[in-house]
Amino acid sequence: CRYGFWSFEIMFEDETSGYFKRPERIACQNVAFAITQGHKRSELLSKENNIDLNKIFNIPVAGRKSELLRRNYFLHDSLNIHKEKKIALFMGAIAKWAMIDELIENMSCFPEEWVLVLHDRYGSYPEWFMDRVTPYLKGKIFISPFQMLNNKELRVLVSSADLGLAFYKANYSDCYDGKNLKYLGFSSGKIATYLQYGVPVLVNDIGELSSWLVENNIGIMIKNMQDIGTEIRKFDFEKVRERCVRAFDAYLSFSNYEKLILNLIEAE
């Protein structure tokens, strides 16, 4: 049976073991093709799983179609945030590799007119985090109460924000948040989701994805959390939502890769 391998997480031998990697390498011995999310990730997957680099194709993690919705005030109305305030949305996993501690510690660096909304993907906030964030819940940080949103609900929530936040920092606590995060490539679903609905992104230096955001003028890259305010003030928000969806459709959209995938599957 002809088969392919679609990789979303790369496990590294020096972070696991040869014994751990052996079944995966055996399974990949005769793959007709493999898919991952970026040139560096392709090189690493080739090395770790002994796959011919020429058989590996790069496909970003992203939805199919952008939607430039009319600006709404869903988060303002839901969380009783004054409509003159701009919202920086942090969504996804509330985890230390997402640099949530550093973000909270540097809230004073945000411009006065900005507030932060935190939206955990499952609506579940760990106790250590609540202990950490509670002193800051005084009009500057707001916690989303929503759980397990469907796509329609999520797009309304995301499009009510002015800026999406996405930080990644390898902390090597397990095989998922080490090199797999350090070499992120285009595997960030939340960054793609922000752009899909017209929201620019603030990131730390995460390699080729952050460079791509800056080059297309749809994102802000910071070296240090203390630079947030300075970089936000410098960024051109004029018509940025239109730029975001154009960039999404041009490169990230899954519809750009559907034919490639079908051709790979159907090849003799």
Side-chain angles (χ1 to χ4, degrees), residues 37-38 58-76 81 83-93 98-99 103 110-111 113-119 121 144 146 149-168 184-223 227-258:
Q37 304 84 31
N58 296 309
I59 297 178
V61 172
R64 177 176 281 108
K65 182 181 178 183
S66 68
E67 291 190 61
L68 186 56
L69 304 181
R70 292 182 61 183
R71 173 62 193 274
N72 69 78
Y73 292 94
F74 175 79
L75 285 172
H76 292 83
I81 300 171
K83 289 184 178 178
E84 290 184 358
K85 293 290 187 180
K86 297 182 182 299
I87 291 178
L89 174 63
F90 179 104
M91 69 176 186
M99 303 177 68
L103 176 61
F110 273 87
E113 68 273 20
W114 286 80
V115 298
L116 173 66
V117 173
L118 306 173
H119 174 73
R121 66 174 68 182
S144 163
F146 305 104
L149 301 178
N150 61 38
N151 285 342
K152 184 176 181 179
E153 294 167 334
L154 182 63
R155 70 185 182 186
V156 172
L157 182 146
V158 172
S159 60
S160 66
D162 297 278
L163 184 66
L165 308 186
F167 305 116
Y168 294 88
L184 185 70
F186 282 79
S187 64
S188 173
K190 62 184 170 186
I191 290 179
T193 301
Y194 290 138
L195 299 174
Q196 183 177 7
Y197 301 122
V199 178
V201 189
L202 173 68
V203 295
N204 58 319
D205 187 353
I206 51 176
E208 57 188 312
L209 179 49
S210 52
S211 298
W212 177 81
L213 291 168
V214 173
E215 288 167 5
N216 286 275
N217 198 20
I218 53 174
I220 304 166
M221 181 176 70
I222 57 171
K223 296 290 186 179
D227 298 333
I228 285 178
T230 302
E231 296 302 323
I232 287 178
R233 292 185 184 96
K234 287 163 51 178
F235 185 68
D236 176 18
F237 283 91
E238 184 71 23
K239 296 185 178 180
V240 67
R241 290 179 181 259
E242 291 85 351
R243 296 199 303 271
C244 289
V245 296
R246 282 200 303 270
F248 176 90
D249 287 336
Y251 185 71
L252 296 182
S253 172
F254 185 70
S255 62
N256 295 328
Y257 306 95
E258 290 172 319

Evaluate the criterion side-chain contact (heavy atoms from CB on, under 4.5 Å) for residue pair Leu195 and Leu213; output intermediate values, then yes/no. CA-CA 10 Å; Leu195 299 174; Leu213 291 168; 3.8 Å; yes
With a 4.5 Å heavy-atom cut-off, do [X] and [Y] have their side chains touching?
| X | Y | answer |
| --- | --- | --- |
| Leu89 | His119 | yes |
| Val117 | Leu157 | no |
| Arg155 | Val158 | no |
| Val245 | Gln196 | no |
| Asn216 | Arg243 | no |
| Met91 | Leu154 | yes |
| Ser255 | Lys65 | no |

So, taking the atom named [atom1] in [X] and the one named [atom2] in [Y], what distance separates them when rounded to the nearest 0.5 Å?
| X | Y | atom1 | atom2 | answer |
| --- | --- | --- | --- | --- |
| Trp212 | Ile206 | CH2 | CD1 | 11.0 Å |
| Leu202 | Leu103 | CG | CG | 8.5 Å |
| Glu238 | Asn217 | CD | CG | 11.5 Å |
| Ser253 | Arg64 | OG | CZ | 8.0 Å |
| Lys190 | Tyr168 | NZ | OH | 4.5 Å |
| Ile191 | Leu184 | CD1 | CG | 6.5 Å |

Smallest separation among heavy atoms of [X] and [Y], with atom names:
| X | Y | answer |
| --- | --- | --- |
| Ser160 | His76 | O-CE1, 4.0 Å |
| Val240 | Pro200 | CG2-CB, 3.7 Å |
| Ser188 | Leu209 | CB-CD2, 4.0 Å |
| Ala93 | Ala98 | O-CB, 3.8 Å |
| Phe254 | Ala62 | CB-O, 3.7 Å |
| Ser159 | Asn72 | OG-ND2, 2.9 Å |

Tell me every residue that passes side-chain hydrogen bond (donor to acceptor under 3.5 Å, both in side chains) with Arg121, counting only those two or more places apart in sequence or in another chain. none
Across all chains, not counting sequence neighbours, the side-chain hydrogen bond (donor to acceptor under 3.5 Å, both in side chains) partners of Asn58 are His39, Ser42
Please identify which of these residues, Phe248, Tyr257, Tyr251, meets the ring pair (Phe, Tyr, Trp, His ring centres under 6.0 Å) condition with Phe186. Tyr251
Salt bridge between Lys85 and Asp162, side-chain N to carboxylate O under 4.0 Å? no
Applying side-chain contact (heavy atoms from CB on, under 4.5 Å) to Val201 and Ile218, what does each step give before you reach the verdict? CA-CA 7 Å; Val201 189; Ile218 53 174; over 6 Å; no
side-chain contact (heavy atoms from CB on, under 4.5 Å) assessment of Ile222 paired with Phe167: CA-CA 10 Å; Ile222 57 171; Phe167 305 116; 4.0 Å; yes
Verify the distance criterion only: is there a donor paired with an acceptor across the side chains of Asn204 and Ser210 at less than 3.5 Å? no
Who pairs with Phe235 by ring pair (Phe, Tyr, Trp, His ring centres under 6.0 Å), at least two apart in sequence or on another chain?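 Phe235: ring pair (Phe, Tyr, Trp, His ring centres under 6.0 Å) contacts with Phe237.
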How about CG on Asn151, more than 12 heavy atoms from neighbouring residues, nucleotides or ligands closer than 6.0 Å, or not?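 Count not over threshold, so no.
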Quick check against the 3.5 Å criterion: does Tyr197 have a side-chain atom that pairs as donor or acceptor with the backbone of Leu69? no
